[in-house]
Number of protein chains: 2
Amino acid sequence: MATIDDVAKMAGVSKGTVSSVFSKKRPISQQVTERVLRVAQELGYFPNHLARSLAIKRTMSIGLKIPLPPDGTMTAFDTQMINGVIKECTKQGYRVVLDTLPEQEDPTMYSQDPVDGVILLNPRKNDSRIKRYRKMGIHLVLVGRPDPHDESISYVDNNNTEAAHEVGDYLLRNGHESILFLNAAADMTVAQDRRQGLSEAYRLHGLSLRDECVMYYAHTNGTDYGYMSILNTYGKLSYTAIITDTDRVALGVLRAARELDIKVPEQLSVIALSNDAILAQDMNPRLTSVELSAEKLGDEAAKLLIEKINDSSVHRQVIIPAQLVVRESCSVFC
Amino acid sequence: MATIDDVAKMAGVSKGTVSSVFSKKRPISQQVTERVLRVAQELGYFPNHLARSLAIKRTMSIGLKIPLPPDGTMTAFDTQMINGVIKECTKQGYRVVLDTLPEQEDPTMYSQDPVDGVILLNPRKNDSRIKRYRKMGIHLVLVGRPDPHDESISYVDNNNTEAAHEVGDYLLRNGHESILFLNAAADMTVAQDRRQGLSEAYRLHGLSLRDECVMYYAHTNGTDYGYMSILNTYGKLSYTAIITDTDRVALGVLRAARELDIKVPEQLSVIALSNDAILAQDMNPRLTSVELSAEKLGDEAAKLLIEKINDSSVHRQVIIPAQLVVRESCSVFC
DNA sequence: CTGAAAGCGCTTACAG
DNA sequence: CTGAAAGCGCTTACAG
């Protein structure tokens, strides 16, 4: 590849001039501009992004860290999140470096990532990466709240506690007294928040949430989680409604219900804390669900991060409200 | 952030030595190594990936270009592909820069991407990017075959023509005489290949594929494409079987069938050229489909690209066979 | 085993 | 409007 030096020599100017022609950071005469551009064209010259980054100390790219389970499956939530991040970054001229390594293999363990900042998904309790990034002076935004709470960290999150509260209340008001909750993985902050919200709803109705009615996601794909949970508990535990972690989990629930000849919603109501509106709407019955707006979360996370890159003193939290969307999978008694 | 110079000074050694301690490219005495490491630790020093890349002329990252439609939705195929690419790259120490810009806004228009090579999805007819990358000397691997054919380009692809042939044959052998084909977007090479394969199958059975029985994806989401196509054609066109571009499209078909009270598979058989095995298997009825092994495609593409980065003279094509998986959505007459 | 110096390909005050 | 030179933070022959 031709370099800025080649162009400078061949055009008979200094490389500072060539630089200015491309960056337009200082005015260059029409004549010289044209000559430089012509030579660049001939030589097939394109500015080297890397060298530029080193000089200006900005890479114009951000890292997106999504630790994935060993089987490597992304949920619809993940993909929509990614989309939101990429769209906003692109709009502002940033690239996205996608990382799906588990926490222990994070490349920043050994060297400084070639990015201007990082978006971190699924922060865990006392996430060690948060401390490390701060120490390295890497700008950071979380998707999901930090645990323990820390208002000096920028993050975006759904109002998980409230949303779970609302769903619980909706079900209890409609005559359900016992709900099976197929929650997210136990170590995720979102799982704790949702459990707490549901618990509050029970309390408000003078009831209490029993431990055996809350399960936590582990080691399978979403639909199997839903499918197996029903097979293992139906008839043993008594419940007339189910809240699932995602729409895929609900898909598994519906399959189990078909096989056990349980009518949905007549005998069993299902609500998904969903992340794939299209899927929910095409299921049979159409799924009552809570829209998490994953793309919006990604979009806001990117905005927050870029804001922080431009002014490191800012830190801000944004909460995206989850929306209950009533479709056909819940029985309504009153 | 501390630099290699800071460490060198404070440890009383040259920066070449510090460099060697971290890269282990030349032996450094135990004593010095320990001193340097201790100082680095104290100063919170981490090697700057960017500066290293500039010096060694390698970034250890690759670009993944997935042009997305304006609404920005990725298919399950895309996500699995991405997963395959990321897994293989990670294994070999590469990062992945994800780009979803439309062809016209490709950043390499203006500068050299900070990557060692590029994987390009959905190449179109006479894709202009292919020429540009070659001119810029950027290593390139396609997912999907180049059109026009070019054996000097590395690519991975399914055996789309054969697979469509097989599906067509399967349906025709089982007594279907007219099939509605909800094909991919018209400008994709895969759409042409599949149509040709299906056409051959018809010919072999002494029949011919009529134009009005082939539709092309455009401007909606997958399920709507399936749903609307049935609503618009059922009763007008005569067909007893449908081949859909993806499982999401099949989902829309099933919804339309429910609404029109068409029994699947008794009155209508459905086969999806699928990309989401889990979804296909959880649909009702469970969906007979063709598994595309998107993750495998991504994995192979990454391997091919890294191979090429290490030896630019290689170019190779790999074809991943698509697999027909019979489940419950097709009627079998004989 | 270690150091001094040139080089990777840019940008940016400074000077004119 | 343009040039000369230092600097960004590394690596790597070359020399000892």
Side-chain angles (χ1 to χ4, degrees), chain A residues 1-37 39-40 43-61 107-108 110-116 136-138, chain B residues 1-37 39-40 43-61 107-108 110-116 136-138:
Chain A
M1 274 291 298
T3 71
I4 199 170
D5 261 306
D6 301 330
V7 177
K9 258 169 222 156
M10 177 156 284
V13 297
S14 75
K15 42 187 195 170
T17 301
V18 177
S19 175
S20 303
V21 166
F22 281 92
S23 71
K24 300 190 171 72
K25 286 211 180 161
R26 50 184 200 177
I28 301 292
S29 73
Q30 172 90 41
Q31 219 190 70
V32 173
T33 300
E34 279 172 10
R35 183 148 38 99
V36 167
L37 254 21
V39 171
L43 259 37
Y45 168 74
F46 290 89
N48 182 315
H49 188 96
L50 214 61
R52 170 154 216 275
S53 295
L54 183 61
I56 67 176
K57 297 184 151 209
R58 281 223 182 184
T59 64
M60 295 307 283
S61 43
T108 47
Y110 311 107
S111 82
Q112 261 196 103
D113 266 14
V115 297
D116 298 334
M136 292 175 80
I138 297 176
Chain B
M1 273 294 296
T3 71
I4 199 170
D5 261 306
D6 302 330
V7 177
K9 257 170 223 155
M10 177 156 284
V13 297
S14 75
K15 41 188 196 170
T17 301
V18 177
S19 175
S20 303
V21 167
F22 281 92
S23 70
K24 300 190 170 74
K25 286 210 180 161
R26 49 181 201 177
I28 300 291
S29 71
Q30 173 90 39
Q31 217 191 73
V32 173
T33 299
E34 278 171 10
R35 182 147 38 99
V36 167
L37 253 21
V39 171
L43 259 37
Y45 168 73
F46 290 90
N48 182 315
H49 187 96
L50 215 60
R52 169 153 217 276
S53 295
L54 184 59
I56 67 175
K57 297 185 151 209
R58 281 223 182 184
T59 64
M60 294 307 281
S61 46
T108 48
Y110 312 107
S111 81
Q112 261 196 101
D113 267 12
V115 297
D116 298 333
M136 292 175 79
I138 297 177

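The structure presented is a predicted model; accordingly, all values stated were derived computationally and were not measured. Just so we're on the same page: letters track the sequence lines, and every chain starts at 1.
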Report yes if some heavy atom in the side chain of B:I4 is under 4.5 Å from a heavy atom in the side chain of B:S19; otherwise report no.
-> yes
With ring centroids as reference points, do B:F22 and B:Y45 lie under 6.0 angstrom apart?
-> yes
Complementary nucleotide of C:dG3, counting Watson-Crick and G-U pairs under 3.5 Å = D:dC14
Can you find a side-chain donor-acceptor pair between A:S20 and A:T17 that sits under 3.5 Å?
-> no
Counting only heavy atoms not in A:M136, do more than 12 sit closer than 6.0 Å to its CE atom?
-> yes
Sorted by number, residues from residues 27-37 of chain A placing a heavy atom under 4.0 Å from DNA chain C are none
Determine the sole option in B:V39, B:V13, B:I28 for which the side chain to side chain contact (heavy atoms under 4.5 Å, CB included) test with B:V18 is passed.
-> B:V13
Can you give one letter per nucleotide of nucleotides 6-12 of chain C, 5' to 3': B if a protein heavy atom sits under 4.0 Å from the base, S if only from the sugar-phosphate, - if neither?
-> -BBBBBB
Correct closest heavy-atom pair for B:A51 and A:L54 would be CB-CD1, 3.9 Å
Quick one: A:K9 NZ to D:dA4 P, roughly how many Å, whole number?
-> 12 Å
For A:D116 and A:M60, which heavy atoms make the closest approach, and how far apart are they?
-> OD2-N, 2.8 Å
With side chain to side chain contact (heavy atoms under 4.5 Å, CB included) as the test, would you mind laying out the steps for B:H49 and A:D113 before giving the verdict?
-> CA-CA 6 Å; B:H49 187 96; A:D113 266 14; over 6 Å; no
